[in-house]
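Presented below is the structure to which this report refers.
All chains are named by letter (A, B, ...) in the order of the sequence lines, taking the proteins before the strands, and each is independently numbered beginning at 1. Quick caveat, the model's predicted, so the values are computed rather than measured.
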2 protein chains.
Amino acid sequence: MNSPMDASDPTTYTITELAKEFRVTTRTIRFYEDKGLLKPARNGLTRVYTARDRVHLKLVLRGKRIGLSLDEVREIMDMYDSAPGEIGQLDYMLDKLAERRAMLHRQQQDIELTLKELNKIEAQCRQRLATMLKQTPQSQVS
Amino acid sequence: MNSPMDASDPTTYTITELAKEFRVTTRTIRFYEDKGLLKPARNGLTRVYTARDRVHLKLVLRGKRIGLSLDEVREIMDMYDSAPGEIGQLDYMLDKLAERRAMLHRQQQDIELTLKELNKIEAQCRQRLATMLKQTPQSQVS
DNA sequence: ATAATACTTGACGTTTACGTAAACGTCAAC
DNA sequence: GTTGACGTTTACGTAAACGTCAAGTATTAT
C-alpha cells in the first residue's frame, strides 16, 4: 500500500518546483492562492504543496485553457470539494454543471468548425505556394 | 442568380441589428472596429454593415469563444484576407496555422477531460441527493 | 418646428490576470 | 560571515476587453 496516488502521499513540492513543472511563474501561483484557488500548508513562512495542491493547480490551468475565469474555476472547485449539506446546493450545482456542459459542447463545435476552416486556408496557401514556385523557379529564399 | 449568399448580396445591417443578433453591445462592435477587426462602410456618419461584415463579426466571436485574443483573431483574419504576394508570408501563415491547430487539439482534450469529470461529479451529486431524500422523506422544497 | 429616436465620437472607469520592483528572512556552501 | 539561491510580503503597474457617461449630429414622427 501507499501507492504514489495514495491520498496520504507524503510527496511535497516547493513553489518553484510547481512553477517549473507547469510553466508558470511563482507570482502566478501565489496569485492563485490569494484568489482562494490553492491553500498550501506552511513550514514557517514557506509554502509546502502536497500532491493534492498540485492537482488543484493542474485543474486551474486546464480550466483557464478552456476559457474559464479564475472565479469560475474556484466556484467549480469549491463545489467539488464541499460536502454539500443542503439539497438547494446540490440543485444549484447541477444547474451550474449543465450550464458548463453546454458551454463546453459549444466550444467543441467552434473548435471543429475552426479546424475545418484552417484546413481550407492551409490548402489554399499550399496551392498558391506551389503556383508561385512554378511561375518563378528562382525562389526568393534568401 | 443573386442568391442570398451572393458576394454582392445587397442586404445591409445597422449596428444595433448586429448587436441584437449576436447578443453584444454596440460599444463592443465599435470597439472591434477600433481594433481593426471590422471595416463597415459609412452612410454619412452611420455605419453600414454588409453580409461580409456580419461574417467577420461572427468569426471574431467564435474566435473569442475558443480562447483567442482579439489581436490573434485579427492576425488570422488579415492572413485570410490578404492576397499574400510573398512566399515568406505564406510560410509564416502555415506556421501560425500549425500552432493554432495544436492549441485547438489541446483544448479539445481539455474539454473531454473536463466533461468526464463533470459527469463524475454529477453522478455523485445525484447519488447524494437520492440518499438524502430517502433519509428525510419530508423534502425541504419550500 | 420640435420632440423623440438612433447613431456618432471621445474620454474616463472597471475587471481580470498577472508583472515588476522593493525590502526583507533563511539556510547551505564556501 | 558573507554570498547566493530561494523564499516571503506589500504595493504599485499594466494590457485586454469592454462599460459607462457626456455631448453632439442626423433622421423620423407628429
task: Would you indicate, yes or no, if D:dC18 has its OP1 or OP2 atom less than 4.0 angstrom from a side-chain nitrogen or oxygen of B:Y32?
output: yes
- prompt: In whole angstrom, what separates A:E75's CD from C:dT16's P?
  reply: 13 Å
task: Send over the distance from A:D34 CG to C:dC18 P, rounded to a whole Å.
output: 12 Å
message: What is the separation between atom OH on A:Y49 and atom C1' on D:dC6, rounded to the nearest whole Å?
response: 13 Å
field: Rounded distance (Å) that lies between atom P of C:dA17 and atom CZ of A:R23
entry: 22 Å
message: Under 4.0 Å, counting only non-hydrogen atoms across every strand here, what does A:T26 touch: a base, just sugar-phosphate, or nothing?
response: nothing
message: Checking contacts here: which listed nucleotide (C:dT8, C:dG19, D:dT8) is nearest the side-chain heavy atoms of B:R42?
response: C:dT8
task: Under 4.0 Å between any heavy atoms, over every strand shown, what does B:K64 touch: base, sugar-phosphate, or nothing? Just pick one.
output: sugar-phosphate
message: What I want to find out is whether B:E33 reaches B:R42 closely enough, with some N-O distance under 4.0 Å, to be called a salt bridge.
response: yes
field: Presence of A:T14 side-chain N/O under 4.0 Å of D:dG7 phosphate oxygens OP1/OP2
entry: yes
message: Using side chain to side chain contact (heavy atoms under 4.5 Å, CB included), reason through A:I29 and A:V24 one step at a time and then give a plain yes or no.
response: CA-CA 7 Å; A:I29 295 181; A:V24 296; 3.8 Å; yes
- request: Determine, step by step, whether A:R62 and A:L59 satisfy the side chain to side chain contact (heavy atoms under 4.5 Å, CB included) criterion, reporting the C-alpha distance in whole Å, the side-chain angles of both residues, the deciding distance to 0.1 Å, and the verdict.
  value: CA-CA 5 Å; A:R62 185 194 298 161; A:L59 288 176; 4.0 Å; yes
- prompt: The side chain of A:T28 lies closest to which of these nucleotides: D:dA17, C:dC18, D:dG19?
  reply: C:dC18
message: Between P on D:dC18 and CD on B:E33, what's the gap in Å once rounded to a whole number?
response: 15 Å
- request: With heavy atoms under 4.0 Å as the rule, sort A:R47 into base, sugar-phosphate or nothing.
  value: sugar-phosphate
Euclidean distance, atom NZ of residue B:K35 to atom P of D:dC18 [Å, nearest integer]: 10 Å
query: Choosing from C:dT8, D:dT8, C:dC18, which nucleotide comes nearest the side chain of A:F31?
result: C:dC18
field: Candidate pair A:N43 and A:T12, rule side chain to side chain contact (heavy atoms under 4.5 Å, CB included), full reasoning
entry: CA-CA 11 Å; A:N43 181 4; A:T12 62; over 6 Å; no
- request: Among the candidates D:dA17, C:dC18, C:dC7, find the nucleotide nearest to the side-chain atoms of B:T46.
  value: C:dC7
- prompt: Considering only D:dG7, C:dT8, C:dC18, which nucleotide approaches the side chain of A:T16 most closely?
  reply: D:dG7
task: Look at the side chain of A:R27 and the base of C:dT20, then say whether one donor and one acceptor between them are separated by less than 3.5 Å.
output: yes
- request: Figure out the CG/C1' separation between B:L45 and C:dT5, and round it to whole Å.
  value: 16 Å
- prompt: Side chain of A:Q108, backbone of B:I111: donor and acceptor closer than 3.5 Å?
  reply: no
Atom-to-atom span, CG of A:N43 to C1' of D:dT8 - whole angstrom: 13 Å
field: Candidate nucleotides C:dT16, C:dT8, D:dA17, ranked by approach to the side chain of A:D71 - the nearest
entry: C:dT16
